[in-house]
J.: 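Below you'll find the structure I mean.
Values reported hereafter were calculated over all heavy atoms of this structure, with side chains retained and with hydrogens, waters and symmetry mates removed.
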Amino acid sequence: MGRKQTYVVNLTDEERNELERIVKTGHRSARVIRRAQMLLWIDQGKSDREITELLNVTASTVSYTRKKWVSE
């Protein structure tokens, strides 16, 4: 089991729908699409380690994305 997250992402249905639309349409930059997918997987309960492997990003990218989403 991973460590307890400081920044917990809990998406609303509206947020989830918007992020899914971003991922599915592909009409955004690769960076935006990758971060939208990251947030969806975080919300689904995937670990940061799983996400880093799936998206080939660093752990700090996942952590930063999580922190930025919760802070805004």
J.: Report yes or no: do Tyr64 and Val62 belong to one cluster of Ile/Leu/Val/Met/Phe/Trp/Tyr joined by side chain heavy-atom distances under 4.5 Å?
T.: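 No; tracing contacts between hydrophobic side chains, which count when under 4.5 Å, never links both residues.
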
J.: Please, which pairs that meet side chain to side chain donor-acceptor pair (under 3.5 Å) have at least one residue in residues 22-32, sequence neighbours excluded?
T.: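 Pairs touching residues 22-32 that pass the test: none.
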
J.: Quick one: OG1 on Thr65 to CG on Asp48, what's the gap to the nearest 0.5 Å?
T.: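 Output value for this atom pair is 9.5 Å.
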
J.: Give a yes or no answer on whether the side chain of Glu18 reaches the backbone of Glu15 with a donor-acceptor pair at less than 3.5 Å.
T.: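 The answer is no, because no donor-acceptor pair under 3.5 Å joins these two groups.
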
J.: Roughly how far, to the nearest 0.5 Å, is OG1 of Thr12 from CG of Leu19?
T.: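 Result: 9.0 Å between the selected atoms.
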
J.: Apply side chain to side chain contact (heavy atoms under 4.5 Å, CB included) to Val8 and Val70, showing your working.
T.: CA-CA 7 Å; Val8 178; Val70 172; 5.8 Å; no

J.: Nearest 0.5 Å, please: how far is CD in Glu72 from NZ in Lys67?
T.: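 Here the rounded value is 11.5 Å.
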
J.: Identify each donor-acceptor pair in which a side-chain atom of residues 34-44 lies under 3.5 Å from a protein atom, sequence neighbours left out, and give them as a table.
T.:
from, atom 1, to, atom 2, distance (Å)
Asp43, OD1, Leu11, N, 3.1
Asp43, OD2, Arg16, NE, 3.1
Asp43, OD2, Arg16, NH2, 3.0

J.: Measure the CZ-CD1 distance between Arg49 and Ile51 for me, rounded to the nearest 0.5 Å.
T.: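 Here the rounded value is 12.5 Å.
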
J.: Under 3.5 Å, is there a donor-acceptor pair between the Ser63 and Ser60 side chains?
T.: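 On atom types as modelled, these side chains do not qualify, holding no pair under 3.5 Å.
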
